[in-house]
Amino acid sequence: MKKSKFIFYFLTVLTIFSACTPSKTKQNNTAKKPNIIIIYLDDLGYGDVGVNGATAIKTPNMDMLANGGVRLTNGYSTSATCTPSRYALLTGIYPWRNKDAKILPGTAPLIIDTAQMTIPKMLKPAGYHTGIVGKWHLGLGDGKVDWNQRVSPGPNEVGFDYAYIMAATQDRVPTVYINNGHVDNLDPNDPIEIDYENNFDAQPTGKENPELCEMMWHHGHNNTIINGIPRIGFMKGGKAALWNDVDMADHFLAKAQAYVKEHKNEPFFLLYTMQQPHVPRTPHPRFVGVTDMGPRGDVIAEADWCLGEFIKTLEAEGLMENTLIIFSSDNGPVINDGYLDQAVERLGEHKPWGDFRGGKYSLFEAGTHIPFFVYWKGTIQPKVSDALVCQMDLLASLAALVGADQPDTDSQNVLDAFLGKSDKGREQLVIEATSRTAFRKGDWAMIPPYDGLPVLTSVNIETGNSSEYQLYNLKDDAGQLNNLAESNPEKLEEMKAAFQAIRSDANEGTEETIELL
Ligand code: NG6
Ligand code: CA
């Protein structure tokens with residue numbers, strides 16, 4: 001072969017080779033990107049899970065994730081209620097920076113700015129398809145939603161390619177599913193109207209017509225009756241679109257499974273936000289009586305079953321080794337949250353709050369100290385970790401995992417703690433409960449003074465309010481019984497200074513009104 005011809009062939013081969021290489025590398029990179037699934041429960045307490053001490057409820061599937069992955073014993077939501085926790089999870093921003101990040105009515109506008117960074121928005125350029133199935137509760141539209149048109153902005157406008165959601169909570173209207181902005185099964189001849197102030201045409205309500213209620217309200221929850229359950233807010237029309245409460249778990253499960261099957265050939269991110277054990281607790285008849293605790297126990301068992309079925313789908317599709325699963329809850333537990341559903345009477349020895357004090361709505365630990373497990377078959381070695389981590393850190397940590405830029409938010413990259421490679425999490429965390437904030441640093445928790453009732457007696461909820469500073473060493477006193485503020489003034493001053501450095505207007509916040517009676 002002549003030298004020039006050889007060079008020609010050599011260059012041709014080189015060109016073909018180099019033309020092939022990048023696409024091959026790209027393919028390989030894509031293949032290596034793990035699917036990311038966040039399974040997020042509603043009001044599940046630290047102690048509601050077997051691995052965290054529950055015996056009256058069996059949670060074998062949650063336990064499997066915890067025992068086979070990293071069981072985080074110092075894992076937090078930012079807040080002791082839903083909306084702010086979900087806001088922080090998705091945006092990496094402390095919810096108290098956004099005055100609208102409070103428990104929202106079903107008619108509230110979207111509280112995430114469509115220009116804001118979110119987990120799905122961060123993942124999309126990294127090649128991910130993004131979906132959410134389940135509870136949303138971050139507002140929809142821009143203030144005046146027409147439920148009979150496409151409802152936007154919403155999850156699709158803040159990064160989700162696919163969104164199959166309920167707008168707010170199971171106890172709030174509208175009681176319909178929304179599929180990428182459209183109310184599912186809506187009959188245009190039976191339009192939906194929603195109002196949180198005024199009833200429509202003297203329709204029956206829980207307040208006026210308790211005889212029509214199959215589940216009785218205790219406080220709040222006395223407006224329009226749907227499926228025998230009185231709700232928060234008034235709703236008219238949309239009969240064909242109404243969800244069936246006892247089928248909700250199966251319905252969301254089927255959507256989550258379908259999403260996985262449809263997107264198994266590309267990296268995907270799925271936020272699967274189950275509605276249990278939030279009120280109204282409506283287990284499918286298959287689960288009624290599987291615990292001795294009444295509906296609250298039964299729906300936790302139902303949620304665990306859903307998790308198991310969902311994992312079976314991942315297994316059947318051969319996805320387990322390439323899927324990172326994060327399991328957590330938006331806030332701590334509540335027993336009586338407004339319906340008479342036997343939760344109080346049949347609680348028995350079960351401790352939904354584990355060893356902690358308080359629960360949902362509380363600045364004490366159990367408000368935000370929630371179950372938190374990270375599982376990745378074959379990649380994560382089983383471990384119990386006491387690294388301090390918050391759901392808000394998932395944005396920066398997942399960005400590190402997929403090689404995206406670090407976002408400029410409150411989210412901290414603690415990926416190694418999530419993967420069990422390090423015991424080092426964040427150093428400090430501001431926690432929030434109904435617009436009041438407190439502080440966690442090292443082994444210490446500090447709650448500044450707040451006016452307001454320390455205990456909401458009719459529902460037996462401890463708010464954490466006190467006229468004095470409270471300081472607890474959680475290492476010796478997980479149950480926050482010994483206030484060390486007076487005996488350890490140095491520590492108190494150190495905590496106050498560190499807290500105020502982050503939250504300079506901490507004591508000026510106004511307390512959110514929760515209608516409890
Ligand atoms: C409260 C509701 C409570 C629950 C909560 C939101 C009343 C009296 N109480 O206002 O039942 O819906 O809001 O829960 O209406 S969360 O988990 O979504 O934050
Ligand atoms: Ca919740």
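Whatever order the structure lists ligands and atoms in, that order sets their numbers, starting from 1. Worth saying up front: this structure is predicted, and the values here are computed from it rather than measured.
Of all atoms in ligand 1, listed by their number and element, those nearer than 4.0 Å to a heavy atom of His219 are 8 (C). Atom numbering of ligand 1 starts at 1 in the shown order; those under 4.0 Å from a heavy atom of Asp42 are 17 (O). Ligand 1 places these atoms under 4.0 Å from at least one heavy atom of Ile232: 15 (O). Close contacts of ligand 1 with Asn331, meaning ligand atoms under 4.0 Å from a residue heavy atom, involve 17 (O). Residue-ligand proximity, Thr81 to ligand 1, at heavy-atom distances under 4.0 Å covers atoms 19 (O). Atoms of ligand 1 lying under 4.0 Å from at least one heavy atom of Val279, given by number and element, are 11 (O).
Under 4.0 angstrom from ligand 1, there are no non-hydrogen atoms of Tyr339. Counting heavy atoms under 4.0 Å from ligand 1, residue Ile103 touches it through the side chain alone.
Ser85 lies apart from the Ca ion (ligand 2) in this respect, since none of its N, O or S atoms is found at a distance under 3.0 Å.
With respect to the Ca ion (ligand 2), Asp42 has OD1 as its nearest N, O or S atom. No other N/O/S atom of Asp43 lies as close to the Ca ion (ligand 2) as OD1 does. The atom of Asp330 that is an N, O or S and sits closest to the Ca ion (ligand 2) is OD2.
Ranked by closest heavy atom to atom 9 (N) of ligand 1, the top entry among His221, His137, Lys135 is His221. The nearest non-hydrogen atom to atom 12 (O) of ligand 1, considering only Thr169, Asp171, Asp330, comes from Asp171. Considering Lys102, Arg86, Arg172 only, the shortest heavy-atom separation from atom 10 (O) of ligand 1 involves Arg172.
The aromatic rings of Tyr162 and Tyr164 sit parallel, their planes meeting at an angle under 30°, below the 60° perpendicular limit.
Partner of Arg296 under the side chain to side chain donor-acceptor pair (under 3.5 Å) criterion, chosen from Asp337, Asp48, Asn336: Asp48. Only one option out of Trp353, Tyr76, Tyr472 pairs with Glu365 in a side chain to side chain donor-acceptor pair (under 3.5 Å); it is Tyr76.
Contact between Tyr361 and ligand 1 is present, with at least one heavy atom of the residue lying under 4.0 Å from the ligand.
For the pair Arg503 and Trp96, the cation-pi criterion (under 6.0 Å, within 45° of the ring axis) is fulfilled. With a 6.0 Å cutoff to the six-membered ring centre and a 45° limit on the axis angle, Arg231 does not count as a cation-pi contact of Trp217.
Side-chain atoms of Asp161 and Thr130 form a donor-acceptor pair, as typed in the model, at a separation below 3.5 Å. For the residue pair Gln276/Glu302, the side-chain donor-acceptor check at 3.5 Å is satisfied.
Phe356 has its ring centre less than 6.0 Å from the ring centre of Tyr46. The distance between the ring centers of Tyr177 and Trp243 falls below 6.0 angstrom. Aromatic ring centres of Phe310 and Tyr259: separated by at least 6.0 Å.
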